[in-house]
Amino acid sequence: MEKRTIVGIGESLWDCLPQGTKLGGAPVNFAYHVHQFGYDAVAISALGNDILGDQTRKELDAVKLPYIMPIVAEPTGTVQVTLDEEGVPTYDIKQDVAWDNIPFNEEIEAAAKRAQVVCFGTLAQRNSVSRNTIQQFLKATPKDCLKVLDINLRQNFYTKDIIQESVAACDILKINDEELITIGRLFGYPGLDIENKCWLILGKYNLKMLIVTCGINGSYVFGPAVKSFIETPHVEVADTVGAGDSFTASFCAALLAGKTLEEAHQLAVNVSAYVCTQAGAMPVIPERFTKEI
């Protein structure tokens, strides 16, 4: 039987941070961190025929992360990242770039057919080309593939329809507290508190799990009749870029290893807290975490 893989599909881009330019994009970060836990992972996106596209391939080759990133006519994506005093980022995401135009080709379809887990978001669906590719990818996955939606409501790059279709297509929804407020407003339940909103969404969409990260105020994981809450550790924050992606990756890696929901949650909290102490989205995860899997 063909080997199963863990897939991150969507945006591949360069974060232009105050301390320099670093490779990122939520699906790439996710695949990178899952790969560090010893799983076969692949990042799927698109690149421009340019210096940043070349540099993307060099960096992914250097960390031995497999990728499927066809070259398209548009430039490789960039994001201007501004950090506040707490290291929390604000993003200016450039439009009409390579990852807006991911083609659904035979290689990407083949990756879908052997996917064990796929992590996707709403941001990469802002353009119809990549949106169609992501939707076709999800439909081509095996029935037992775990579909993880890491919603990323950036700027105005989302619609109610995209959110609704994406949540309906996933098994696990990951969202932050600010995005939960936005969704509550869009879908007509703004008065509910965090927990009641989560129970409502979990039941309405028949989700296996729902993860809510609340920054320094902790994080929740909800499953049918199960709730886990863990406080956020106090750490010296370099920046929080990519911390959420490392949370998702660590959580999925732990579930695949047979850990309980609570154990997976604890590992995800610990790893994401560590990532906050490092500059950029893709630091090396220490062995004290990876050996838990």
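Only a predicted model underlies this, so the values are computations on that prediction, with no experimental measurement involved.
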Handout entry: Flag if over 12 foreign heavy atoms under 6.0 Å of CD1, Ile71
Key = yes

Problem - Verdict with reasoning, Ile93 to Arg126, per side chain to side chain contact (heavy atoms under 4.5 Å, CB included) - result: CA-CA 12 Å; Ile93 305 167; Arg126 67 181 183 177; 3.6 Å; yes

Practice task
Grab the two heavy atoms, one from Pro142 and one from Ala115, that are nearest each other, plus how far apart they are.
Solution key: CD-O, 3.5 Å

Completion exercise
Scanning both residues in full, the closest heavy-atom pair of Phe247 with Ala268 reads O-CB, 3.4 Å

Exercise for the section: Decide if atom CD of Glu231 counts as having more than 12 heavy atoms of other residues, nucleotides or ligands within a radius under 6.0 Å. Expected result: no

Handout entry: From CG (Asp61) to OG1 (Thr56), nearest 0.5 Å
Key = 10.5 Å

Problem - Sub-4.5 Å side-chain heavy-atom contact between Val72 and Pro103 - result: yes

Exercise for the section: Drop me the distance from Thr133's OG1 to Ile108's CD1, to the nearest 0.5 angstrom. Expected result: 6.0 Å

Exercise for the section: Test Tyr39 against Val117 for side chain to side chain contact (heavy atoms under 4.5 Å, CB included), laying out the working first. Expected result: CA-CA 11 Å; Tyr39 291 99; Val117 178; over 6 Å; no

Exercise for the section: For the residue pair Asn127 and Asn101, establish whether any side-chain heavy-atom pair is separated by less than 4.5 Å. Expected result: yes

Handout entry: Steps toward side chain to side chain contact (heavy atoms under 4.5 Å, CB included) verdict (Leu180, Cys198)
Key = CA-CA 8 Å; Leu180 189 61; Cys198 290; 4.0 Å; yes

Handout entry: Under 3.5 Å donor-acceptor, Ser130 side chain and Asp100 backbone
Key = yes

Handout entry: Same cluster (ILVMFWY, side-chain, under 4.5 Å), Leu146 and Val34
Key = yes

Problem - Side-chain donor-acceptor pair present, Gln36, His33, cut-off under 3.5 Å - result: yes

Exercise for the section: Kindly indicate whether the side chain of Tyr220, heavy atoms from C-beta on, has any atom under 4.5 Å from the side chain of Cys214. Expected result: yes

Problem - Side-chain heavy atoms of Tyr205 within contact of Leu173, under 4.5 Å - result: no

Practice task
Work out which heavy atom in Gly53 is nearest to a heavy atom in Asp50; give both atom names and the distance.
Solution key: N-OD1, 2.8 Å

Problem - Closest non-hydrogen atom pair between Gly121 and Leu149, with its separation - result: CA-CD1, 3.9 Å

Exercise for the section: Indicate if Ile175 and Ile172 have the same hydrophobic cluster label, given that clusters are the connected sets of ILVMFWY residues with side-chain heavy-atom separations under 4.5 angstrom. Expected result: no

Handout entry: Backbone N/O of Pro75 and side chain of Lys94: donor-acceptor pair under 3.5 Å
Key = no

Problem - Inter-residue atom distance Thr248.OG1 - Ile211.CD1, 0.5 Å rounding - result: 6.0 Å

Handout entry: Ion pair Arg131/Glu165, N-O distance below 4.0 Å
Key = yes

Exercise for the section: Rounded to the nearest 0.5 Å, what's the gap from CG on Leu261 to CZ on Phe251? Could you check? Expected result: 4.5 Å

Exercise for the section: Considering only Ile, Leu, Val, Met, Phe, Trp and Tyr, and joining two whenever side-chain heavy atoms are under 4.5 Å apart, list the other residues clustered with Val63. Expected result: Trp14, Leu23, Val28, Tyr32, Leu47, Leu52, Leu60, Leu65, Tyr67, Met69, Met282, Val284

Exercise for the section: Might you work through the side chain to side chain donor-acceptor pair (under 3.5 Å) test for Thr122 and Asn152, ending with a clear yes or no? Expected result: CA-CA 6 Å; Thr122 49; Asn152 32 16; 3.2 Å; yes

Practice task
Please answer: with hydrophobic residues joined when any side-chain heavy atoms are less than 4.5 Å apart, are Val42 and Ile134 in the same cluster?
Solution key: yes

Handout entry: Heavy-atom side-chain contact between Leu207 and Phe222 under 4.5 Å
Key = no

Problem - Test item: Ile6 and Leu256 side chains (from C-beta on) under 4.5 Å apart, heavy atoms - result: yes

Problem - For the student: nearest non-hydrogen atoms of Cys252 and Phe30, plus distance - result: SG-CE1, 4.1 Å

Completion exercise
For Ser272 and Ser246, the nearest pair of non-hydrogen atoms, with its separation, is CA-OG, 3.3 Å

Handout entry: Linked, directly or transitively: Val221 and Ile151 (ILVMFWY side chains, under 4.5 Å)
Key = no

Practice task
For residues Lys197 and Val212, determine if any side-chain heavy atom of one lies less than 4.5 Å from a side-chain heavy atom of the other.
Solution key: no

Handout entry: Side chain Asn176, main chain Thr213, donor-acceptor under 3.5 Å
Key = no

Practice task
Measure from NZ or CZ of Lys160 to the centre of the six-membered ring of Phe187 and say whether it is under 6.0 Å with the direction within 45° of the ring axis.
Solution key: yes

Handout entry: Asn105, CG atom: more than 12 neighbouring heavy atoms under 6.0 Å
Key = yes

Exercise for the section: Nearest 0.5 Å please: distance from the CD atom of Glu263 over to the CG atom of Leu255. Expected result: 10.0 Å

Handout entry: Pairing of Asp150 and Lys174 as salt bridge, 4.0 angstrom limit
Key = yes

Exercise for the section: Indicate yes or no for a side-chain donor-acceptor contact from Gln80 to the backbone of Asp92 under 3.5 Å, with no hydrogens or angles considered. Expected result: no

Practice task
Flag yes if Ile163 and Phe137 sit in one hydrophobic cluster, no otherwise; membership is Ile, Leu, Val, Met, Phe, Trp, Tyr, and two members link when side-chain heavy atoms are under 4.5 Å apart.
Solution key: yes

Problem - More than 12 heavy atoms from other groups under 6.0 Å of CD on Gln95 - result: yes

Exercise for the section: Drop me the distance from Ile102's CD1 to Gln125's CD, to the nearest 0.5 angstrom. Expected result: 10.0 Å

Exercise for the section: State, yes or no, whether a side-chain contact exists between Tyr274 and Ile285 at a heavy-atom distance under 4.5 Å. Expected result: no

Exercise for the section: In plain terms, say whether Asp144 and Arg4 are close enough for a salt bridge, that is, a side-chain N and a carboxylate O under 4.0 Å apart. Expected result: yes

